[in-house]
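Before any comments, here is the structure.
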10 protein chains.
Amino acid sequence: MLTKSDAAEAVRAAKVRGKLTWVAVANAVGRPVAWTTAALLGQHPMSKEEAEAAAALLGLDRDAVEAFQLQPTRGVESPSVPSDPTIYRLHEVVQVYGPTIKELIHEECGDGIMSAINFRLNVERVPHLEGDRVVVTLDGKFLPYQWE
Amino acid sequence: MLTKSDAAEAVRAAKVRGKLTWVAVANAVGRPVAWTTAALLGQHPMSKEEAEAAAALLGLDRDAVEAFQLQPTRGVESPSVPSDPTIYRLHEVVQVYGPTIKELIHEECGDGIMSAINFRLNVERVPHLEGDRVVVTLDGKFLPYQWE
Amino acid sequence: MLTKSDAAEAVRAAKVRGKLTWVAVANAVGRPVAWTTAALLGQHPMSKEEAEAAAALLGLDRDAVEAFQLQPTRGVESPSVPSDPTIYRLHEVVQVYGPTIKELIHEECGDGIMSAINFRLNVERVPHLEGDRVVVTLDGKFLPYQWE
Amino acid sequence: MLTKSDAAEAVRAAKVRGKLTWVAVANAVGRPVAWTTAALLGQHPMSKEEAEAAAALLGLDRDAVEAFQLQPTRGVESPSVPSDPTIYRLHEVVQVYGPTIKELIHEECGDGIMSAINFRLNVERVPHLEGDRVVVTLDGKFLPYQWE
Amino acid sequence: MLTKSDAAEAVRAAKVRGKLTWVAVANAVGRPVAWTTAALLGQHPMSKEEAEAAAALLGLDRDAVEAFQLQPTRGVESPSVPSDPTIYRLHEVVQVYGPTIKELIHEECGDGIMSAINFRLNVERVPHLEGDRVVVTLDGKFLPYQWE
Amino acid sequence: MLTKSDAAEAVRAAKVRGKLTWVAVANAVGRPVAWTTAALLGQHPMSKEEAEAAAALLGLDRDAVEAFQLQPTRGVESPSVPSDPTIYRLHEVVQVYGPTIKELIHEECGDGIMSAINFRLNVERVPHLEGDRVVVTLDGKFLPYQWE
Amino acid sequence: MLTKSDAAEAVRAAKVRGKLTWVAVANAVGRPVAWTTAALLGQHPMSKEEAEAAAALLGLDRDAVEAFQLQPTRGVESPSVPSDPTIYRLHEVVQVYGPTIKELIHEECGDGIMSAINFRLNVERVPHLEGDRVVVTLDGKFLPYQWE
Amino acid sequence: MLTKSDAAEAVRAAKVRGKLTWVAVANAVGRPVAWTTAALLGQHPMSKEEAEAAAALLGLDRDAVEAFQLQPTRGVESPSVPSDPTIYRLHEVVQVYGPTIKELIHEECGDGIMSAINFRLNVERVPHLEGDRVVVTLDGKFLPYQWE
Amino acid sequence: MLTKSDAAEAVRAAKVRGKLTWVAVANAVGRPVAWTTAALLGQHPMSKEEAEAAAALLGLDRDAVEAFQLQPTRGVESPSVPSDPTIYRLHEVVQVYGPTIKELIHEECGDGIMSAINFRLNVERVPHLEGDRVVVTLDGKFLPYQWE
Amino acid sequence: MLTKSDAAEAVRAAKVRGKLTWVAVANAVGRPVAWTTAALLGQHPMSKEEAEAAAALLGLDRDAVEAFQLQPTRGVESPSVPSDPTIYRLHEVVQVYGPTIKELIHEECGDGIMSAINFRLNVERVPHLEGDRVVVTLDGKFLPYQWE
C-alpha cells in the first residue's frame, strides 16, 4: 500500500512525464484546481470516482487510487519555518501582517476567526504594466466565539 | 524616546479610549486601512505628515510622532507558531496549503515567488446566507528567478 | 493602563485576599464558571457590565474594568510543552490519545474538526468509591471540510 | 518482527480494505471503542485473546498478534505542536483553556491533578439544531499531592 | 504582593543572612526537609501555620506568608536541558537509565507509572571508604493503566 | 554487523518469544539486574563472557555478541522531553524537584555533584496498604569541585 | 525516478570519478559557474538542453536528466544553524553583520530589501601578499516596499 | 554604566534627532562606513579616540564613550531565523546558496574556510536600467585546514 | 542583594574603570587566574577572604562580597549554540572533534569520562613564527564507569 | 559509493574485528593519532596514499578508499546538546568556562579568536596519585579581528 506522501511524489513524477498541468488534472477530476492540487499533494481525501479519474489521466495504478481516498494527516512534517523561498514569503506575510489581519477581522466581524476548514483558496496571475502580479485569495467562513 | 512597539501599545490604548476604528485612523492618515494598521502596529515607517495626522486623531504626543517615522525591524518576536487562534488559522493555511500555492504559482508564472515587499493586502467581510465570510486578499508582484 | 495579563494577576491576588471562589465570581458576572475563569485569566473579552460586576466583587478599579473588555491575544507565551503537572496531564492526553480522538471524529462525523471557537468546556468533580474523579468535557461544533 | 507503529499502519490499511469501523473492531475485541482504537494505534498493550480477536477480524498474521501484545513506548514522535487541524484544535484547547482547567481542578478538589493513567475517554457525536457537535469527555481519577 | 518565585529568592537571601540550614527551617515548619525545601522554592503550597513558622524563622514579612500559601504553577521556566552540572547529572540519569527504569517498573508491576504526585523524595549523604556517596530516593505510588 | 540499538530491539523480541524476565537474564550474566538491563538496551559495554551468556539465554547469534561488547554512544536520540508517560514522570521529578535536590546536596556535602558515572541504581516494588509503591534509588559518589 | 537530492549525490560522485571541476561542468552547460553548481546541487531547475549537457559530461542517465529539470523545493533540511565550518562562517557574518547591512541598505536605498530572487552571486579567489582572500559577491535588485 | 546594546539604541535615536547618516559618522570616526556602523551597533570595540569622535558628533556623553570601547559579546540574541525581511534575505542566501559557496571555495582554494575574523564587508548601491541593485561584498582571508 | 550575574557585570565595569587585568585580580585573591575569572563571572563560590580581597581591589561594596560567596547555578542562560565568535570556536571544536576525543579517551583509559568537576583549565598565548597561538588545556580526572 | 559516515561505521567495525587501535592506524597512515581518528570518523579528507594505507590495515575495499578522500561536510547531525556523557562533559566545559576562556584570550591577545581551522588537538592520559587524569590540549592560531 502507498502512503499519501508517496502518492504525491508519484503524481509529481507522472505530471513531468505526461507534461500535464494541474488545470488539466482538475478538469478530469471535476473539482476546482486548488482543491485538486491540495488533494493530490495529500491534504484532502478524494471520493472513489475522483481518485479513479485522476489516476487514469496520470497513468497511475490501484495503489494510488486507494491512497488518494485515505483520510489525511494534514500539514507538513518539516520545521515550522519553511526554507523554500516561494513558501517562505507566505510565512513572512503571516509574521509581518498577521496582527494586522487579526485587528481588521475583529474590527469588521467581532471576536472570532476566519475558518481554515470551511475555507477555499484561489491563486491567480493578474497582468500588470509594471510586471504581472500573483493574487492569492483566502476565503473562509467567519466563526464567532460562541459559548452557550 | 518611544520604541515602535511601545508606540503600538499606545495606539491600541488610545483607540479604546477614543472609541476609534482603524478605518477612521486610515482616513485621517490618507492611506489604505490595512497599510495604516500595519504601520501603526510597527511594521512600516510613516512620513512626517502621516505620523502627525495619526497622532493628532489618537491624541498622542511628539514621541509617538517620532516613533511612527522610525525604520522598523519587522516581524514578531514570539515563537514561530502563533498561539492566538485568529492568527494561527493563517499559519495553518500556510502549513496545509503552502505547497499547493507554490505549485500553482509555478504553473501559472514559472519559477519564482509572489513578492511580500511589492505587496498589498486587503481584509473584507463578505455577506453570505450560511454565515458571513472573511476574505483576505494577498496581492504581490511575481518575481521570476533571474540570474543574468 | 493594565494589560490583560497584569489584570489576571490582580484577579488571583484579589481572590486570595477576599477568600472568593471562581463560582462566586461567575455568579456575580452571570456567566458559566469556566467561561468566567477563562475570561478573567485573559482569554475572552468581557462586556462592560460583566467587567464591572467582576471588578466590584473583587475590589478592583477602573483599569481592571477596561482590561477585562480588551480583545485578547489568546494562548500562552510559555514553551509548547507545559511543565506544571496539572496542565501537563492534559498535554499528555493529546499526545497519547490525540490520534485516537481524530480517528473517532472522522468515523462518526466524516472529514472535519471539533471547533475550538464554537466551543464550551466544563470541569466537574464526580464522587467515586475508589477516589473521586475529575471529568473535563470538551464540547465543540463539528465543522466539516467544505470547499464550495 | 513488527513494531507497534508498523502494526498500526497495517491496521489502518486492513480497515480500508475490509471496510471495517473501529466500532466493529472494538466489538470483536470486547473492549470500549476508544480504548481499542488507542491500543491498535500502539498506545496500549493487548492481552493474547484481544490481539487474536483483532487480528482475525482484520485479516492480519501472527506478527501483528505479537506486536499488539508488546509493552508500548507511548506518545508521538512528531514535534510537540501537531500540524493536523483535527488534532491541533485539542492542542489549542490546552493552550487557551489549560490554566482555566487547572484553576477549576484546584478549586473543586484541592492541590493535585486529573490522572492520565487511571483515565478513560469518550468521543460522541451529539445532534444539534445549528449543526451537530463533537463531545470529548476526559475522565480521570483525582490524585492529590500527598507526601507522607 | 510577592510571586512565589520572588519569595524563593527572598528565602535564599534570608538563609545566607541568618546562616540557617534547610534542616533548621524544616524543623521550625514541622515537615520533612525535602518537602520544606521544595515548598519554599515555590513547588508546593503551605498551610497558613507552616508559612508563618517559616517566615518567623527567616525574618520575612506578611507578603512572604501569603506567597508561601499560593497554589504554585510547578516546574521550571528555563530550557528543558538544565545547564547547572549538579542538576544536569539528574537529567543524564533520565537520559541514560530512563528506558531501564521503565523496563523494570513494567517487569515488577505491570503496565503503569511511578506517580510523581503521590510521591516523596529523600537526599542523603552516605559515608564510604572510597569517598562519600549521595543517595537520592524517589518513592512514588505505582499507578496501573486502568480504563474501566 | 549489528548496531547496539538494533541489538536492543532483538533483545526485546527474544524476551517476548522466550517469555524471559530481566532478572533471569541478569542471573545468567552474573551482574545486577538494572546494570544488565541498561547494558542490553545499549548503555554499557559487556565483557565477552557476559555477552556470550546473554546471547545464549536469549537465543541470539554472533553479531549480537559483538554488538553487546561495543563501546556505546550513550543517551537517547529522541527529543529532550520524553513523551512516554512512565519516563516522563522521571523528567517531571527533575523539573519539579531538581533545584531541591541541588540545595540539599550542597547543604550536606558542599559544592559538587552526585556522579552519574560512579553510580548505581535500583528499582524496587515496595508493598503498601494503600497501593504498592515504586522506589527508585539513585546512588552516586559525591564529587566536590576541586581545581588544584 | 530520482529526487533532486539523490541527483546531487550522484553529481558529487561523478565529479570525483571523472576528476571534473564545477568550471568544466558550467562550460559544458553554458551558464555561470555559481548558477550551475547551485542548479546541480538541487536549487534551480534546468532546461532540457542544460540537463542533457550536464548529464553527458558527468556520465549520468535519463533519470538524472529528468531530476535536473524538476522544480526544486529550495533550502536545506538541516537545522537552521549549520555545523559545517565553511558554511557556518557565512551564518556568522549574517549574525554579526546582518543589522549593519540592513542599516546601510536603508541609508543608501530607503525602505526595502536586496532581492534573493533577482539575484546572482560570485565566488572568487583574490591573491594577496599576506595570504589569498575569498571574495563572495552578493548582487541583488533593490526592491522598495511598495503598497499601491 | 551603559551596555553596548543600550549604547546602540542611543546611537539610533541620536541619528534620527541629528538627521545624521552613517557615512557622516564614519567620516568623523575616520574608519570605513560598514566597520563604523557595526562598531556602533555593538559588534566591535572602538579605540578611545574613535569613541570620542563618534560621541561628539552624535551628542552622547561619557557613558557612551566607555561603552563604545568595551569588548563586545558578538552576535544577536534573537532566534536563529531572523524575521525582519531585509535581514532574512541574507539568511535565505546562506540556506539556498551556502553549499554552492562551500563547493566553490573548496574548488578554488582547497579544504578550508573564508575567515569571518580577518574579514571586511562593503554594501553598495549600483545603478541599473531595470532597477538599481544592492551589492554586498564579503571579503575574508582564506584559511586552509592546517594541523601541523 | 546582588545576584551573581549582576555582580559579574559590576566586575567587568570595575575592571574597565580601574584598568585592571584578571591576572592582577587573581594575584590579589591568591588563586589561579582561570579559576578567579570563572568565579567572578559567577561560576564558582568564593570564600569570605577571597571575596573580600577581590572586592577591595575592584572597589566594590558589601553586596558584591556576599554575591561572590553565593552557591552558583552554573552555565549560561543563552541558547545552546553560542553566537559570539570567540566562544563559538570552542563549540565548533566539540562538534567537529567531540567524537574523536571520546574515541581517544576510551582507547587510552577505558569506558569513562574526563571529569568537568575535578577539573582545571589553563589558557596561554604561545609565541610562534607564523603567528602566535592560543593553547587551552582541559585537565580533568578520569572517572571510569563503576557500578559496584 | 559509500558516504563518509557509512565509511566511519565500517572503520569502527573493522577495528573491533581486527583488534586494532587508533594509534596503530595512525602509524600506518603516518599522521598524528587525533588527526587520523578525526579523518576516519569523517571530519577530514585524506590523500589517496593515506586512504589506501588506512584501508589496507583495516581490510576495507575501494569504496572506503574513495570515501576517505571525499571533501567532508563537517560537524554532527544530532541535536546541539550531546547526550553521550563523555562528549557532554566537553559541552559542559564550554557552557561553564566559555566566557572565562573568552576573557583570557582577550586579555592575553586582544580582540580575536583561537582558530578552529589552523588548529590541532591532543588527548593524553596523565598518571596521578589520586587517580589518572585526561588532559585535552586545544592549540589554535590566534586570529585578530582585522578589517583593513
Side-chain angles (χ1 to χ4, degrees), chain I residues 8 21-23 33-34 37-38 41 43 74-76 79-82 84-109 112-116 118-119 121 123-126 128 130-143, chain J residues 8 21-23 33-34 37-38 41 43 74-76 79-82 84-109 112-116 118-119 121 123-126 128 130-143:
Chain I
T21 61
W22 293 110
V23 170
V33 65
T37 307
L41 293 180
Q43 301 293 325
R74 290 176 170 94
V76 292
S80 54
V81 180
D84 180 79
T86 310
I87 299 179
Y88 180 81
R89 294 312 180 273
L90 300 166
H91 180 82
E92 184 174 309
V93 164
V94 176
Q95 289 223 315
V96 174
Y97 296 108
T100 294
I101 297 172
K102 175 178 162 70
E103 288 286 337
L104 295 176
I105 288 175
H106 295 325
E107 176 156 319
E108 294 188 32
C109 312
I113 64 163
M114 174 186 75
S115 178
N118 188 322
F119 174 84
L121 88 89
V123 180
E124 225 175 329
R125 176 179 197 154
V126 175
H128 194 280
E130 295 170 28
D132 289 3
R133 300 182 75 84
V134 176
V135 177
V136 177
T137 312
L138 315 177
D139 172 352
K141 189 177 181 180
F142 174 70
L143 301 179
Chain J
T21 61
W22 292 110
V23 169
V33 65
T37 308
L41 294 179
Q43 301 292 327
R74 290 176 171 94
V76 292
S80 53
V81 180
D84 180 80
T86 311
I87 300 180
Y88 180 81
R89 295 311 181 273
L90 300 166
H91 181 82
E92 183 174 309
V93 164
V94 176
Q95 290 223 314
V96 174
Y97 296 108
T100 295
I101 297 172
K102 175 179 161 72
E103 287 286 338
L104 296 176
I105 289 175
H106 295 326
E107 176 156 318
E108 293 187 33
C109 311
I113 63 163
M114 174 187 74
S115 178
N118 188 320
F119 174 85
L121 86 88
V123 180
E124 226 175 329
R125 176 179 197 152
V126 175
H128 194 280
E130 296 170 27
D132 290 2
R133 301 182 73 83
V134 177
V135 177
V136 177
T137 312
L138 316 177
D139 172 351
K141 190 177 180 181
F142 175 68
L143 300 180

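Every chain is numbered from 1, with letters handed out A, B, ... down the list of sequences. Side chains included, hydrogens not; waters and symmetry mates left out as well; all remaining heavy atoms used.
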- [ ] Check each atom of I/L90 against the heavy atoms of chain J and say whether the ones under 4.5 Å are side chain, backbone, both or neither.
- [x] both
Task: I/Y88, part contacting chain J, at a heavy-atom distance under 4.5 Å - done: neither
Heavy-atom pairs under 4.5 Å with chain J - which of [options] has more of them than the others?
options               : value
I/M114, I/E103, I/Q43 : I/E103
I/L104, I/V93, I/V94  : I/L104
I/H128, I/K102, I/R89 : I/K102
I/I87, I/N118, I/T137 : I/I87
I/G131, I/C109, I/A34 : I/C109
I/L138, I/I113, I/D84 : I/L138

Task: Spacing of I/Q95 atom CD and J/R74 atom CZ [to the nearest 0.5 Å] - done: 13.0 Å
Task: Spacing of J/D132 atom CG and I/F142 atom CZ [to the nearest 0.5 Å] - done: 9.0 Å
So, [X] side chain and [Y] main chain: donor-acceptor pair closer than 3.5 Å or not?
X      : Y      : value
I/R125 : J/E108 : yes
I/R133 : J/D139 : yes
I/E107 : J/W22  : yes

Task: Audit row: J/V134, J/E124, side-chain contact (heavy atoms from CB on, under 4.5 Å) steps and yes/no - done: CA-CA 6 Å; J/V134 177; J/E124 226 175 329; over 6 Å; no
Open item on the list: Counting heavy-atom pairs closer than 4.5 Å to chain I, which one of J/V23, J/V33, J/V126, J/L143 comes out on top?
Closed with: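 Of J/V23, J/V33, J/V126, J/L143, J/V23 has the most heavy-atom pairs under 4.5 Å with chain I.
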Open item on the list: Looking only at heavy atoms and a cut-off of under 4.5 Å, which of J/T37, J/V136, J/V135 has the most pairs with chain I?
Closed with: J/V136
Task: Segment of J/L121 engaging chain I (4.5 angstrom heavy-atom cut-off) - done: side chain
